2 protein chains.
Amino acid sequence: MGLDQLLKKLKNNGYKVTQQRKAIVQILVLNKGKIISVEELLKQVKKIYSKTNLTTVYRNLEILEHIHLVHKVMNEEGKAYYHINELDSHHHHIICKGCGKTEVVEYCPIDYLSQVAKDKKIRLTEHKIELYGYCEECEKLNGLKEEDDKIH
Amino acid sequence: MGLDQLLKKLKNNGYKVTQQRKAIVQILVLNKGKIISVEELLKQVKKIYSKTNLTTVYRNLEILEHIHLVHKVMNEEGKAYYHINELDSHHHHIICKGCGKTEVVEYCPIDYLSQVAKDKKIRLTEHKIELYGYCEECEKLNGLKEEDDKIH
DNA sequence: TTATATGCAAAAGATTTGCAATATA
DNA sequence: TATATTGCAAATCTTTTGCATATAA
């Protein structure tokens, strides 16, 4: 989805298209395929519309998540990261721990897992599958870092 | 693993077995098969050793997680829940959203997913698979709640 | 015009930290 | 006894809320 379509989706859901919303969505699109923290998002948004406030970013991320335009990822420390939803169809992500780059994985074992749950008398309503690793570039950087460690 | 073995594992890792640690592990064992929040854990721990402090609970959960005796689950709001690790072997959990009950799922598609990642030039280092739903009992309670909703 | 959205400041909630006191081995 | 552990209070960090003001439709 392009910027226009995303803004249209906001409008269609009864939300006004404000300067701040435009800037937030724009930055999210610019960071497509990469998770981004809320402060980092604000930092970049301010380059487009400098008046934007942190509270506004939080409030809008909630809205964007609600209409499924963005996806929220919680890290182990309980800090939220966001990225724009690339596909309409169900999928999961591989997230690079070095640079935050995300890759889409279309495979999902949910049907099988639902049956496993059903056998245990549980009705599944949600599932979370998140894969973490290092992309080629970050792997190289890590290698260099390790070299450095050896020297010092 | 029984309480004694768990405390031995603490000792073997160079940690002292304090009153607080004993109480914390005891309560975690008592809540086996169920995720529990930190305050709830403290509340129950205090019944055994009333002097226990919240800070101590946090510090020890970190240790217990580090030696793989407990497993941490983050909810969407960034709040942590813990439960004792039932098995030595790799597995995942189904968590009941009603009562926090956990069920072990031994199936894991990680080998396949690692290959998918490898094809995308990513080396997987971690993965998170969490399944959420409602157990039979909570399902019944939900049903009753819905009945209530219809009446009022 | 008018309801929605924003900014600011303050609050809330979870978790962490420094440091002096305490308990374990 | 020596070192790890704890408790307390304060700090930190992220996120949320109330309310007056500003803005999109």
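Per chain, numbering begins at 1; letters A, B, ... match sequence-line order. All values derive from a computational prediction rather than experimental measurement.
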Scan nucleotides 15-19 of chain C against the protein and return all N/O pairs shorter than 3.5 Å with their distances rounded to 0.1 Å.
from, atom 1, to, atom 2, distance (Å)
C:dT15, OP1, B:Ala80, N, 3.1
C:dT15, OP2, B:Tyr58, OH, 2.2
C:dT15, O5', B:Tyr58, OH, 3.2

| Rounded to the nearest 0.5 Å, how far does CD1 of B:Ile122 lie from OH of A:Tyr134? | 12.5 Å
| said: Using the rule given for side-chain hydrogen bond (donor to acceptor under 3.5 Å, both in side chains), can you reason through A:Asp119 versus A:Gln115, listing the C-alpha separation, both sets of side-chain angles and the distance that settles it, and then say yes or no? | reply: CA-CA 6 Å; A:Asp119 292 345; A:Gln115 186 54 52; 3.0 Å; yes
| query | Is there a donor-acceptor contact under 3.5 Å from the side chain of B:Arg21 to the main chain of B:Lys16? | reply | yes
Produce the list of close N/O pairs, under 3.5 Å, pairing protein atoms with atoms of nucleotides 21-24 of chain C; give distances to one decimal.
from, atom 1, to, atom 2, distance (Å)
C:dT24, O2, B:Lys16, NZ, 2.8

| note | The first and last nucleotides of DNA chain D lying within contact of chain A, meaning any atom under 4.0 Å from one of its heavy atoms, run from D:dT14 to D:dA25
| Any donor and acceptor pair, going by atom type alone, linking the side chain of A:Thr56 with main-chain N or O of A:Thr52 inside 3.5 Å? | no
| said: If the helix axis at each end comes from five base pairs, how far does the helix from C:dT1-D:dA25 to C:dA25-D:dT1 deviate from straight, to 10°? | reply: 40°
| Joint cluster assignment, A:Val29 & A:Val73, ILVMFWY side-chain distance < 4.5 Å | no
| task | Could you walk me through whether B:Glu40 and B:Asn31 pass side-chain hydrogen bond (donor to acceptor under 3.5 Å, both in side chains), step by step? | result | CA-CA 11 Å; B:Glu40 176 59 24; B:Asn31 285 276; over 6 Å; no
| note | In whole angstroms, the gap separating P of C:dT4 from CG of A:Leu10 amounts to 15 Å
| remark: Residues passing the salt bridge (Lys or Arg N to Asp or Glu O under 4.0 Å) test with A:Lys128, sequence neighbours excluded, are B:Glu76, B:Glu130
| said: Working to the nearest 0.5 angstrom, can you tell me the gap between A:Leu64 CG and A:Asn85 CG? | reply: 10.5 Å
| query | Between A:Glu136 and B:Arg123, is the closest basic N to carboxylate O distance under 4.0 Å? | reply | no
| field | Interatomic distance where CD1 belongs to A:Ile24 and P belongs to C:dA5 [whole Å] | value | 12 Å
| task | Kindly state whether the ring of B:His127 and the ring of A:His92 have centres lying under 6.0 angstrom apart. | result | no
| message | The criterion is salt bridge (Lys or Arg N to Asp or Glu O under 4.0 Å); which residues satisfy it with B:Glu62, sequence neighbours excluded? | response | none
| query | Within a reach of under 6.0 Å around CG of A:Asp88, are more than 12 heavy atoms found that belong to other residues, nucleotides or ligands? | reply | no
| request: Using a strict cut-off of less than 4.0 Å between a Lys/Arg side-chain nitrogen and an Asp/Glu carboxylate oxygen, indicate whether B:Glu86 and B:Lys32 qualify as a salt bridge. | output: no
| query | Does A:Asn53 make a side-chain N or O approach to OP1 or OP2 of C:dC8 shorter than 4.0 Å? | reply | yes
